[in-house]
Visitor: 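This is the structure I have questions about; it appears just below.
Predicted model, so just to flag it, every value in this text is computed and none were measured. A, B, ... follow the sequence lines: proteins, then strands. Residue 1 opens every chain.
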Amino acid sequence: MSQAQQTCASTEEAKTRQYAAPMAVHVWRGTCPRNSEYAASRKILEKELTALKADPPCELPPLHLRRGAGAYICGEESGMIESIQGHRGMPRLRPPFVAINGLWSRPTLEQNLETLHWVRDILEKGAEWFAEGGRHTRKGLRAFSVSGRVKKPGVHRAPAGITMRELIDEYCGGMLDGHEFYGYLTGGASGGILPARLANVPLDFDTLQEHGCFIGSAAMIVLSQYDTAKRAALNAMRFFAHESCGKCTPCRVGTAKAVQLMAQPVWELEKLNDLATVMVDASICGLGQAAPNPLKSVMKYFPEELKNGS
Amino acid sequence: MAANTEYMPATVEFTLNGKKISAYRGETILLAARRHSVEIPNLCYMDNRPPDGNCRSCMVEIEGERLCSRLAIDRRKRT
């Protein structure tokens, strides 16, 4: 994971520079004070906002840059709203939905920075330009953040619908020397893990659902023969146990319990399946609902790893 | 003599496990079910307190969607 974090830090600046210009609404940027992950982004945003206010292209709406209290859960829309309001970052029960009752009890629209980033290009260059960017019948462009056992990790702007194989070969300079492609985590920690034989699945929204995965943030982690899916899944589950906000029981207890079961040399599959079902069905927000994805992927696609009890 | 409907509390009808029951407006599914002798397991609910909805033991499925602490406000089927 340390390699992945380094990659994030080095590409963060370039990424944020692209994102800084097209913001048109109340903006809040998550920052993580624990490891100051996003300190560089904040500096860039502050600089660009000052420049924008000094020479506004049109009448500007009020823009606020808010420093987050720093937690994975604050990426959940209602958790982020709670955090902005000065409360603990915990998701709200729905209904009411944030589009009806959100920040300061007002109708709220939350947008991903990547979405806002593309708006300007699409307005300037036209929708056709953007749509032509896709591959394998998909449309548009996406910023893929690739880390793991590849020669050129980092954020790569690639066509939506590109396959993992193409992404590695064309954008990441291939696998590291001596490493063979074994599998990949789709969509960050919670997207799920796919084996090398599914390297030709187009990567886009809705294309991974049938394989039990989702693209999420398009953060891909490439595994080689020196990694195991089991270890990657345990690592992800430890992360979720750490980041669970503790509000609802299925997620708070479920992630911790799953870590204990997954740390055993032999997995008790029946118990893990039970746990996964409860977490998916009963957790309040996406964190707990998606946390069992890597676990389920290991059981589905890497059963041979579970046999030897390593 | 007909009852004076002005003073009757408004009710919402819904189907719970295949049985038609009615709830008062603003009543949760949990309480409406309890009045109709259907005990939904619960932990974090306490009488006279607003629902917290964090133990998730009273989860019910409403047309495929799984929910807890839900007010009985519409007429969809509960199973």
Visitor: For the residue pair A:L93 and B:D52, what are the closest heavy atoms and their distance?
Guide: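 In terms of heavy atoms, the two residues are closest at CD1-O, 3.5 Å.
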Visitor: Could you tell me which residues satisfy ring-ring contact (aromatic ring centres under 6.0 Å, His included) with A:F214, sequence neighbours excluded, listed by chain and number?
Guide: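 In terms of ring-ring contact (aromatic ring centres under 6.0 Å, His included), with neighbours along the sequence ignored, A:F214 is linked to no residue.
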Visitor: To the nearest 0.5 Å, how far apart are CG in B:N54 and SG in A:C251?
Guide: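 If I round to the nearest 0.5 Å, the distance is 12.0 Å.
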Visitor: Looking only at heavy atoms, which two atoms of B:C55 and A:P250 are closest? And how far apart?
Guide: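 That would be O-CD, 4.2 Å.
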Visitor: Pairs in or reaching into residues 249-269 of chain A: which pass salt bridge (charged side-chain N to carboxylate O under 4.0 Å, His left out), with residues at least two apart or in two chains?
Guide: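 Listed by first then second residue: A:E268-A:K271.
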Visitor: Would you find more than 12 non-hydrogen atoms of other residues, nucleotides or ligands less than 6.0 Å from A:R88 atom CZ?
Guide: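 Check fails, neighbour count at 12 or below.
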Visitor: Hey, is CG on B:N48 packed in by over 12 heavy atoms from elsewhere, all under 6.0 Å?
Guide: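 Counting other residues, nucleotides and ligands, CG of B:N48 stays at 12 neighbours or fewer.
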Visitor: With a 6.0 Å cut-off (strictly less than), is the heavy-atom count around CZ of A:R238, excluding the residue itself, greater than 12?
Guide: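 Open.
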Visitor: What distance separates A:K247 NZ from B:R56 CZ, expressed to the nearest 0.5 Å?
Guide: 8.5 Å
Visitor: On a heavy-atom basis, which atom in B:M59 and which in A:D281 lie closest, and how many Å separate them?
Guide: CE-O, 3.4 Å
